[in-house]
Amino acid sequence: MQHFGLTMEEVAIMCASHHGTDEHVRVISSIQDKIGVTVDDLQCGMHPPSDKATAERMLNNGEPYSPLRHNCSGKHTGMLAQCILRGLPIEHYLHPIHPVQQTILTTFSQISGVSINEIALGTDGCSAPVFAVPLCSAARAFALLSDPSSLPQLRQISLRRIFSAMTSY
């Protein structure tokens, strides 16, 4: 994500669920500013923040919920970033045949060691495609995230950056 000048904190929030705090919203909004999308482009839906203090404050102040507070809005913003980077349409970015989803599936297949036609597809609560693989294959993927030295150089560089972001933030 060097093309957009993303920080490690921004990379990290695209890799995980979050609690919908003001800080999380700030980071996601920063990414969206850098890539040229808005909250209206998110297809993750809305729910109250899981951070109790934030949820209480919003309720007490009559603050409306926003897709930015959805625990998966960072992941969705990351998918939109990939669309923008590759010149792909952002509409229907969650559809399993969208090129972004196909790239995610192909990459997960390569990392997990499970062929695409053996990966069971499902739908996450945020409407994104999710994958089911044997536990040993999921463990392989996580192991390669922490030590990608057996992978091609470009993949190693990417995974090391992601791992560093995830473990730092």
Handout entry: Heavy-atom closest pair, residues Tyr93 and Cys44
Key = OH-N, 4.3 Å
Practice task
For residues Cys83 and Pro89, report the shortest heavy-atom separation together with the two atoms involved.
Solution key: SG-O, 3.6 Å
Exercise for the section: Taking the side chain as every heavy atom from C-beta outward, state whether His95 and Gln101 have any atom pair closer than 4.5 Å. Expected result: no
Problem - Value rounded to 0.5 Å, distance of OG in Ser158 from CG in Leu154 - result: 5.0 Å
Exercise for the section: Indicate whether the side chain of Arg26 and that of Thr21 have a donor and an acceptor atom separated by less than 3.5 Å. Expected result: no
Fill in the blank from the handout: Output for pair (Glu56 CD, Leu59 CG), nearest 0.5 Å, gives 8.0 Å
Problem - Nearest heavy atoms of Lys34 and Gly5, plus distance in Å - result: NZ-O, 3.0 Å
Exercise for the section: Indicate if Met79 and Leu121 have the same hydrophobic cluster label, given that clusters are the connected sets of ILVMFWY residues with side-chain heavy-atom separations under 4.5 angstrom. Expected result: yes
Exercise for the section: Could you walk me through whether Arg57 and Asp22 pass side-chain contact (heavy atoms from CB on, under 4.5 Å), step by step? Expected result: CA-CA 11 Å; Arg57 185 203 72 222; Asp22 293 344; 2.7 Å; yes
Problem - Note, His76 side chain near Leu94 side chain (heavy atom, < 4.5 Å) - result: yes
Problem - Interatomic spacing from OG in Ser127 to CG in Leu42 - rounded to 0.5 Å - result: 12.0 Å
Handout entry: Heavy-atom closest pair, residues Gln156 and Ser149
Key = NE2-O, 3.2 Å
Handout entry: Short side-chain donor-acceptor distance under 3.5 Å, Ser30 and Glu10
Key = yes
Practice task
Evaluate the side-chain contact (heavy atoms from CB on, under 4.5 Å) criterion for residues Leu68 and Gln32: first the C-alpha distance (whole Å), next the side-chain angles of each, then the deciding distance (0.1 Å), finally the verdict.
Solution key: CA-CA 10 Å; Leu68 290 173; Gln32 290 184 351; 3.7 Å; yes
Problem - Residue pair His18 / Ser73, side-chain donor-acceptor N/O under 3.5 Å - result: yes
Practice task
Would you mind telling me which of Thr54, Val39, Asp51, Ile28 makes a side chain to side chain contact (heavy atoms under 4.5 Å, CB included) with Arg69?
Solution key: Thr54
Exercise for the section: Check whether Ile90 and Phe4 end up in the same hydrophobic cluster, where Ile, Leu, Val, Met, Phe, Trp and Tyr are linked by side-chain heavy atoms less than 4.5 Å apart. Expected result: yes
Practice task
Ignoring hydrogens and angles, state whether a donor on the side chain of His47 or Asn71 is under 3.5 Å from an acceptor on the partner side chain.
Solution key: yes
Problem - Close side-chain approach of Phe108 and Val114, heavy atoms under 4.5 Å - result: no
Exercise for the section: Decide yes or no for Glu9 and Ser168: does some side-chain heavy atom of the first lie under 4.5 Å from some side-chain heavy atom of the second? Expected result: no
Practice task
Search all heavy atoms of Pro99 against all heavy atoms of Leu88 and return the closest pair with its distance.
Solution key: CB-CD1, 3.7 Å
Exercise for the section: Indicate whether the side chain of Gln2 and that of Arg161 have a donor and an acceptor atom separated by less than 3.5 Å. Expected result: no
Handout entry: Side chain to side chain, Leu159 and Ile111, heavy atoms closer than 4.5 Å
Key = yes
Problem - Tyr65-His70 aromatic ring centre distance below 6.0 Å - result: no
Completion exercise
Rounding to 0.5 Å, atoms CZ (Arg155) and CG (Leu144) come to a distance of 10.0 Å
Practice task
Would you kindly confirm whether Ile104 and Ile116 end up in one hydrophobic cluster when ILVMFWY residues are joined by side chain heavy atoms under 4.5 Å apart?
Solution key: yes
Practice task
Would you check if Arg140 and Ser112 make a side-chain contact, meaning some heavy-atom pair closer than 4.5 Å?
Solution key: no
Practice task
Determine whether Thr123 and Pro129 make a side-chain contact, defined as any pair of heavy atoms from C-beta on separated by less than 4.5 Å.
Solution key: no
Exercise for the section: Identify the heavy atoms of Gln102 and Pro96 that sit nearest to each other, and give their distance. Expected result: NE2-O, 2.6 Å
Practice task
Report the distance from atom NZ of Lys75 to atom CG of Leu80, rounding to the nearest 0.5 Å.
Solution key: 12.5 Å
Exercise for the section: Given side-chain contact (heavy atoms from CB on, under 4.5 Å), test Leu105 with Phe131 step by step and report yes or no. Expected result: CA-CA 8 Å; Leu105 177 61; Phe131 316 125; 3.6 Å; yes
Practice task
Would you give the length of the straight line joining atom OG of Ser115 to atom CD of Gln110, rounded to the nearest 0.5 angstrom?
Solution key: 12.0 Å
Problem - hydrophobic_cluster_shared for Tyr169 and Leu145, side chain cutoff 4.5 Å - result: no
Exercise for the section: Using a 4.5 Å cut-off on heavy atoms from C-beta on, say whether the side chain of Thr77 contacts that of Ile35. Expected result: yes
Problem - Chi angles and distances behind the side-chain contact (heavy atoms from CB on, under 4.5 Å) call for Val27, Thr7 - result: CA-CA 9 Å; Val27 174; Thr7 66; 5.7 Å; no
Practice task
Please check if Val130 and Val100 belong to a single hydrophobic cluster, counting links between Ile, Leu, Val, Met, Phe, Trp and Tyr side chain heavy atoms closer than 4.5 Å.
Solution key: no
